[in-house]
A.B. asks: 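Input: one structure, supplied below.
Start at 1 and go down the list; that is how both ligands and their atoms are numbered. The shown structure was predicted, so the numbers you read here are calculated from the model rather than taken from an experiment.
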Amino acid sequence: MRVGVVGVGHVGLPTAAVLAHIGHEVVAMDSDTSKIAALKDGVMPFFEEGMAELVATGIDAGRLSFTDSAEVTVSGAVAAFLCVGTPPKSSGEANLLAVERAAEEIVKVATGDLVLVEKSTVPAGTAQQLTVALRRHRTKHRFWVVSNPEFLQEGRAIEDSLRPHRVLVGSGSPEALAIMEEIYRPIIEQGAQWIATDVATAELAKHASNAFLSMKISFSNALARLCELSGADVIEVVRAMGSDPRIGTEFLNAGIGYGGYCFPKDLTAFERLADRFGYDFGLLREVKKINDEAVEAVFKKIEDVMWNLQEKRIALLGLSFKPGTDDTRLSPALRLAEMLLEHGAQVVGYDPKANANAQREVPGLEVADDVYGALQEARCAVICTEWPEFAELDLGKAADAMAFPIVIDGRNLMDPDAMDEAGFTYIPTGRPPRGVGPHPD
Ligand code: UGA
């Protein structure tokens with residue numbers, strides 16, 4: 001089938017590559033002409049494991065192409081996937097202008113009946129509003145706005161798009177649902193659950209999923225604070241809890257808080273949506289508060305161990321909001337860097353993929369070319385992102401490089417016994433510290 005994809009960001013590009021991979025003829029469009037030109041040359045706009053290869057295969061097979069023209073995108077297409085950004089307004093509500101503009105542009109030039117697929121995360125009610133807005137344009141062909149939320153995680157976007165747990169589509173039209181089911185048939189045949197609902201339910205399910213996952217993380221972060229006060233070990237507590245299949249262990253890793261471009265903004269947008277309908281979803285505010293406290297707790301540990309922060313060199317290992325990506329948007333590591341810089345510390349970071357993005361966002365942050373360079377003469381190191389290469393550090397070399405061998409593990413990545421044996425003062429998250437001796441200064 002022929003389909004268009006509008007927007008080649010973190011959702012649009014993996015979607016386009018995977019739709020081409022399962023056999024569709026895909027034209028992906030973006031108004032950013034430099035991105036399109038780069039993609040035509042095989043240069044990806046961001047890092048995602050396996051994406052460059054899948055894009056290249058799609059292009060070589062003649063099933064994937066890139067354009068900045070709406071006409072080319074939609075010519076002969078049965079569906080157009082809207083994957084444009086929905087950034088937060090100052091109120092926290094989602095700004096839907098890009099969705100409206102993209103949909104208008106597409107509908108006006110459609111060459112036949114068209115399913116407009118809302119893939120960007122939008123509040124419940126958007127498809128209905130969009131339908132009303134688009135009907136004002138006297139279009140020659142029929143169109144249906146359906147909701148098809150994306151559940152992929154950055155860092156595993158290709159795998160998640162190829163083998164999702166579910167394909168959720170909301171629409172009141174059996175015709176549109178049939179087209180969507182046909183598009184996703186190869187993925188459904190491989191085991192993904194097909195869930196068809198009304199439009200508002202699908203839209204709401206997306207926000208509800210992200211809010212629930214954020215809540216799980218905040219639960220563990222609150223638990224971590226309590227473990228630190230009581231001497232318990234959060235990892236063991238979660239293991240014990242998670243052995244109950246009703247609870248499970250996933251998304252219960254305590255850390256320096258969730259970040260990225262989805263959870264923080266979606267949680268607030270969901271709360272605003274509830275406000276709009278007159279429901280006070282106070283739980284969501286608490287989730288955010290605990291998340292803010294998670295990074296503040298790490299800052300406090302640094303202060304406790306360093307005393308004065310002025311001019312002290314502190315290394316941050318990991319700058320992206322999670323491993324497997326170069327995305328630093330709303331990364332808690334960068335929030336921590338800003339807090340340290342505000343207190344006069346000298347902050348040096350290292351990330352296997354995100355150094356450039358981090359420096360662009362926080363110009364006062366120094367970045368090192370490798371992990372040992374970041375540790376050089378540092379008085380304290382903080383593990384902010386659980387990149388596998390940090391778990392494989394040569395601990396002797398790391399301790400020798402540092403001015404003081406002090407590690408605050410914001411992601412509980414390291415083995416406490418190994419850290420202790422290597423002579424580190426090791427301060428994990430929600431677990432008992434090791435080797436905490438007298439103040440180094
Ligand atoms: C999240 C959802 O997991 C996806 O299902 C969804 O499609 C996506 O948002 C979206 O709405 O587009 P993503 O933001 O890529 O995906 O990243 P996650 O893997 O969910 O991690 C989010 C944050 O939570 C990261 O900062 C991560 O470090 C943190 N996290 C995650 C924890 O602190 N603890 C955990 O146990 C899990």
A.B. asks: Taking side chain to side chain contact (heavy atoms under 4.5 Å, CB included) as the test, write out the residues that go with Leu226, two or more places apart.
C.D. replies: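 If we apply the side chain to side chain contact (heavy atoms under 4.5 Å, CB included) test to Leu226, skipping adjacent residues, there are no hits.
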A.B. asks: Within the 4.5 Å heavy-atom criterion, are Phe424 and Arg434 side-chain neighbours or not?
C.D. replies: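 They are not in contact (no side-chain heavy atoms under 4.5 Å apart), so the answer is no.
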A.B. asks: Return each pair, listed once, that meets ring-ring contact (aromatic ring centres under 6.0 Å, His included) where at least one residue sits in residues 181-217; pairs must be two or more places apart or across chains.
C.D. replies: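 Matches after skipping sequence neighbours: His207-Phe270.
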A.B. asks: Looking at side-chain heavy atoms only, is the closest gap between Gln190 and Ile187 below 4.5 Å?
C.D. replies: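 Result no, sub-4.5 Å side-chain heavy-atom pair not found.
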A.B. asks: Kindly write out the residues that satisfy side chain to side chain contact (heavy atoms under 4.5 Å, CB included) with Pro88, not counting sequence neighbours, or none if the list is empty.
C.D. replies: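 For Pro88 the side chain to side chain contact (heavy atoms under 4.5 Å, CB included) partners, ignoring immediate neighbours, are Tyr261, Lys265.
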A.B. asks: Which protein N or O atoms sit under 3.5 Å from any N or O of ligand 1? Give atom names and distances.
C.D. replies:
residue, atom, partner, partner atom, Å
ligand 1, 5 (O), Phe151, O, 2.8
ligand 1, 7 (O), Glu150, O, 3.2
ligand 1, 7 (O), Phe151, O, 3.2
ligand 1, 7 (O), Leu152, N, 3.2
ligand 1, 7 (O), Leu152, O, 2.7
ligand 1, 7 (O), Lys206, NZ, 3.2
ligand 1, 11 (O), Lys206, NZ, 2.6
ligand 1, 11 (O), Asn210, ND2, 2.7
ligand 1, 15 (O), Glu154, N, 2.7
ligand 1, 17 (O), Lys322, NZ, 3.3
ligand 1, 19 (O), Gln153, NE2, 2.7
ligand 1, 19 (O), Lys322, NZ, 2.7
ligand 1, 26 (O), Gly259, N, 3.0
ligand 1, 26 (O), Phe321, O, 2.8
ligand 1, 28 (O), Phe321, O, 3.4
ligand 1, 28 (O), Arg411, NH1, 3.3
ligand 1, 33 (O), Arg411, NH1, 3.2
ligand 1, 34 (N), Asn253, O, 3.0
ligand 1, 36 (O), Leu252, N, 3.4
ligand 1, 36 (O), Asn253, N, 2.9

A.B. asks: Looking only at heavy atoms, which two atoms of Asp326 and Ala354 are closest? And how far apart?
C.D. replies: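 Closest pair (atom of Asp326, atom of Ala354, distance): O-CB, 3.7 Å.
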